[in-house]
Asks: 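My structure is below; once you've seen it, I'll send some questions.
Atoms considered below: every heavy atom in the structure, side chains included; atoms not considered: hydrogens, waters and symmetry mates. Proteins get letters first, then strands, A, B, ... in listed order; numbering begins at 1 in each.
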Amino acid sequence: MTIPAQIGRGMDRVDAHAKVTGAARYSAEHRPPGAVHAVLVGARIPRGRITGIDTSAALAAEGVIAVLSHLNLPKVAQTPHLIPSLAGTTAHGQSFFPMQDDRIHYAGQPVAVVVADTLERAEYAAGLVRVSYAEEPWVTTIAQGRGDTYEPERIFGGFVPGRIERGDVEAGLARADVRIETTHHFAANHHNPIEPSATTAVWEDSKLTLYDATQGPTATRLTVAQLLGIPPSDVRVVSEFVGGSFGSKAMIWAHPTLAAMAAQHVRAPVTLALDRAQTFTNTGHREEQEQTITLGATRDGELTAIRYAKTSPTSPFDDWAEPSMGPVNRLYACPAFEGVHHLFKAATMTPTFMRAPGEGTGAFVIETAMDELAHELGMDPIELRLRNHADLDPESGRPWSSKGLRECYALGAELFGWADRDPAPVTGAAREGHWVLGTGMASAIYPVYGVVNPQRARARVYADGRAVIETGCSDFGTGAGTVLRQVAADALGMDAEAVTAHYGDTELPTTVAAVGSAGAGAISAAAHTAATALRERLVGQAVTDPGSPLHGADPAAVRVSGGRMVRPDTGAGETYGEMLGRHMTFDAEALGEWAPPGGDEYGMATFGAQFAEVAVDPDLGLVRVRRMLGVFAPGRVLNHKTARSQLMGGMLWGLGQALLEATHMEPDQGRWANPSLGEYLIPVNADAPDVRVEMIEVEDRAVNPLGVKGVGEIGQVGMAAAIANAIFHATGRRFRDLPITIEAVMAPA
Amino acid sequence: MRPFAYTRAADVDTAIAEVARDSGSEYLAGGTTEVDMIRIGVARPRRVVDINDLPIAAIEDLPGGGLRLGGLARMSDVAAHPAVRERYPAVAESLEKGASAQLRNMATMGGNLMQRVRCSYFRDGDRACNKREPGSGCAAIHGVNRTHAVLGTSEHCIATHPSDVAVALTALDAVVRLRGPDGERTVAFDDFFLLPGDTPDREHPVGHGELITGIDLPDLPMARTSHYLKVRDRESYEFALTSCAAALRMDGDAVAEARIGLGGVATRPWRARRAEDILIGAPATAEAFARAAEAEMADAVPRSMNGFKIELAQRTMVRALTTVASRTGGGAA
């Protein structure tokens, strides 16, 4: 298959100019006439009951229009039930809606909404709402809840079983010559996109329009409609610009519905924007977790068994854990595997998807354990991985739809200079002043999630030679709006510059929420199908049009380039526009619908190999990453520039996960201690090393029409492990807990 | 919202008079702390007097060889000034490691000295904080206190002083110039920052209406090889876990005089006088530096999460002093 011209090229982002000039309007910036502001008030205790709410001071404050609480907020029409947004239906982030009664289940749970004429007045009045509580016993951390765990039947919104077993683990461990057993602790994490979640709600009679920061406008529509008890067709969701998400906007939380309820109550458009601290308790998080692994292997490096367990807190409402056992189970051919999740009920909201959910932590465990095994065996880490290469999907036993991991190892090793590496930990040997240097690598895997609903788009060609591709998805920084043009352009035989993309609106054809790295696959399938249908229609019209130079041509032989249809036998042709104009037609359009085949012949996942070079100052506890290389095989690459940006961003996320990112609980308060960008540290430019991203294109005919496997998460998956393995190489020390802090590194071995 | 008045003063005397006549008035310089504090309701001025137009931003030589940094000199301007870079490199280095480029372009030297602590309990109106609300208690002592102080603390407050440049200025014996309703006076840097004791709400010996018009650096040849080392979780835009400003004067192979300031570990920019005294006459070796550093931290009080700072501060001191010793050519570290 040849790669068509428009798909793949590094076209500049179509929304770049609007974003950098401030012309882009985000959800909270839509200010319809008469719009007012709503501000949430969060619970100050982690568990208990509201004994009283005094709103008098808030209501008396200047500009305040209303204060809503469980005492006067309408009841939701239906109790929400958590379903991951990938299912394409309602996407409640948790099986709970706040302000329905006096119960408090977690700190920060909304207990009141203050509406005022300006944001400043609403914020001020929110501080005047006096809530009194009767606190009840609670736990929020593993240290507190470890003694009260249970084994859930299913996790991750029901997507994944809580326990996976295959083969005889006991026998496998018994015949192992070498065993590696490690325990890891992962701090809780928060997404922190640059745009906190926000919704502007506008009612016109019974019709509701929501300007919402979301990964899935349709998910917002269905979820809010269900909670309000109104037809989804009465809810329009507009989501043209979204300032990042990383999973925090993948599920539909309470605030869009609260905004709609507030707007109904005050009979005016309402903007409800979370502030930074509120995003820590209103849009989910990656849970704190502890993971243990036992690897058994023969002397020559063949894995004989893997035993794995994870313990983490979940909410009172849902059995949620990110499925960290996925990469542990699927990365290597191993005859025996046992993985089990343990949960305990904690006073937190339901954790949620956060970039590389499960893979980010699970890959750290398996990939640092594999490094440890390689060291124990005196074997090169890549060699060990090649010896255990999974030719089939270990989970299902099926062939992979495509893989490319061997090629990733090979290219990565070559580009990184792996062959020159001294395999032993080189403590003190590679030194640069106070810095000791080391290198490490890790594999990466991320599943290709199959979507279940039909994905739709509409393509339209105008007689002036321009085209439009329309689909309902949002672009939250991924480049979706740009690749839509490229995909449609290729299918239509046009230049991408002649195609405009309309997206981010439920009035447009429906696509699923862009989650789980599945967004590009879904929208490219829809756009490709629609644009291909339109081209076939137009070519079909031309070859049957006696007035067309193409009349009588074999439609399958007609080539379209630059919007001009040409019959190869004679070279004669005309443009779409010439043909439409001749028939006094202004435009032509086609709806395309791609129905996922839903087959189960293949194991489907994206793979990569990641490398890091670190400098460690053991005396001062400093770790600085010098160099990162990621080689990935994400199937068809729709746009090399935006794909590279996503992969690089994922790699920098991995750096943050390894060294910085942690949300801490107040031990005696049960609430997050550092809900700000000043205290929740992410890498800054000065931390960013030399990052190199390479992509190997593997052909995949199973995942979707264009063979797109996604780039949203895979960049992060192996990065933290590669960094930790490099730290071992530099220092001879294993740091098993994330993030790896100064105090850990400086402490005596 | 909480309304407050805003006025913009054109000259120093007017500004002082405006603030002095109303106990609810506060100066507004770069605003990088004050505006934050107002937004989160910790600062509740009735009136802010914008002093950005006042002619006290110059950096100028003092008779006798010192250097005056105007109270309104921007951090970025001071860091870039050739005289600062040449004669007081620890000051330039500490400034460049402070905050972010954007903040340094706004923040002033006087404002830097007056900045409030980063303790999250100070900034959270619902938590106990003796600094914000005297007598309410200190939530940090049993809270998340990884970044808190181990020196100069009391049972009432363990908040770390956040400034970088103040650490260098402390080490180099700078003098704060104040002007108020009753005229001008100077305060030695070491006296300008009060220990919390049982009055953590009182941070400076500054009367209401007094304004920092300048900071004087003395003529100090040993400062020409001074150095500021900052240890922090990330490479930029983050406060110090530990830091050290150091200067040495050598007499042959022996230390004749040492100036050491510590940051990130104390409730004020910490002048390490005990270490300085021990170093006089000592060889400029890592061993001697380590002995001095250990003595300096001997009285440190660790809390649940910040015990590592005691050791880290010593290593930071040793590293900074070693660097200075190599700069002065006297060290055999």
Asks: Is there a side-chain contact between A:Asp617 and B:Val231 in this structure, where contact means two heavy atoms from C-beta onward sitting under 4.5 Å apart?
Replies: no
Asks: For A:Leu677, is it the side chain, the backbone, both, or neither that has a heavy atom closer than 4.5 Å to a heavy atom of chain B?
Replies: backbone
Asks: To the closest 0.5 Å, what do you measure between OG (B:Ser236) and CG (A:Asn685)?
Replies: 8.5 Å
Asks: Any side-chain heavy atom of B:Arg234 sitting closer than 4.5 Å to one from A:Ile682?
Replies: yes
Asks: Could you look at B:Tyr121 and say if it's the side chain, the backbone, both or neither that has a heavy atom under 4.5 Å from chain A?
Replies: side chain
Asks: When you compare the side chain of A:Glu679 with that of B:Ser120, does any pair of heavy atoms fall below 4.5 Å?
Replies: yes
Asks: What part of A:Gln669 gets within 4.5 angstrom of chain B, counting heavy atoms only: side chain, backbone, both, or neither?
Replies: side chain
Asks: Sub-3.5 Å donor-acceptor pair from the side chain of B:Arg315 to the main-chain atoms of A:Asp619, do we have one?
Replies: yes
Asks: Closest approach of A:Leu660 and B:Asp233, non-hydrogen atoms and distance?
Replies: CD2-O, 3.4 Å
Asks: For chain A, which residues from residues 28-38 of chain B lie under 4.5 Å away (heavy-atom distances)?
Replies: none
Asks: Contact part of A:Leu622 toward chain B, heavy-atom cut-off under 4.5 Å: side chain, backbone, both or neither?
Replies: side chain
Asks: Just how far is it from atom CE of B:Met305 to atom OG1 of A:Thr741, taken to the nearest 0.5 Å?
Replies: 9.5 Å
Asks: A quick test of your reading: do over 12 heavy atoms of other residues, nucleotides or ligands sit less than 6.0 Å from CZ of B:Arg46?
Replies: yes
Asks: Does atom CD (B:Glu155) have a neighbourhood of more than 12 heavy atoms from anything else shown, all under 6.0 Å?
Replies: no
Asks: Nearest heavy-atom pair of A:Met746 and B:Phe308: which atoms, and what distance?
Replies: CE-O, 3.8 Å
Asks: Give the member of A:Leu620, A:Leu128, A:Val684 that has the highest number of heavy-atom pairs under 4.5 Å with chain B.
Replies: A:Leu620
Asks: Under the salt bridge (charged side-chain N to carboxylate O under 4.0 Å, His left out) definition, can you give me all pairs with a residue in residues 655-668 of chain A, not counting sequence neighbours?
Replies: A:Glu666-B:Arg127
Asks: Return the option, out of B:Arg118, B:His142, B:Arg232, with the maximum number of heavy-atom pairs under 4.5 Å with chain A.
Replies: B:Arg232
Asks: Minimum heavy-atom separation for A:Ala673 to B:Val144, with atom names?
Replies: CB-CG2, 3.5 Å
Asks: Quick one: do A:Arg44 and B:Asp124 make a salt bridge, cutoff under 4.0 Å?
Replies: yes
Asks: Before accepting this row, confirm whether a basic side-chain N of the pair B:Arg146/A:Glu743 lies closer than 4.0 Å to the acidic partner's carboxylate O.
Replies: yes
Asks: If you count heavy-atom pairs within less than 4.5 Å of chain A, which of B:Glu311, B:Glu238, B:Arg39, B:Lys309 leads?
Replies: B:Glu238
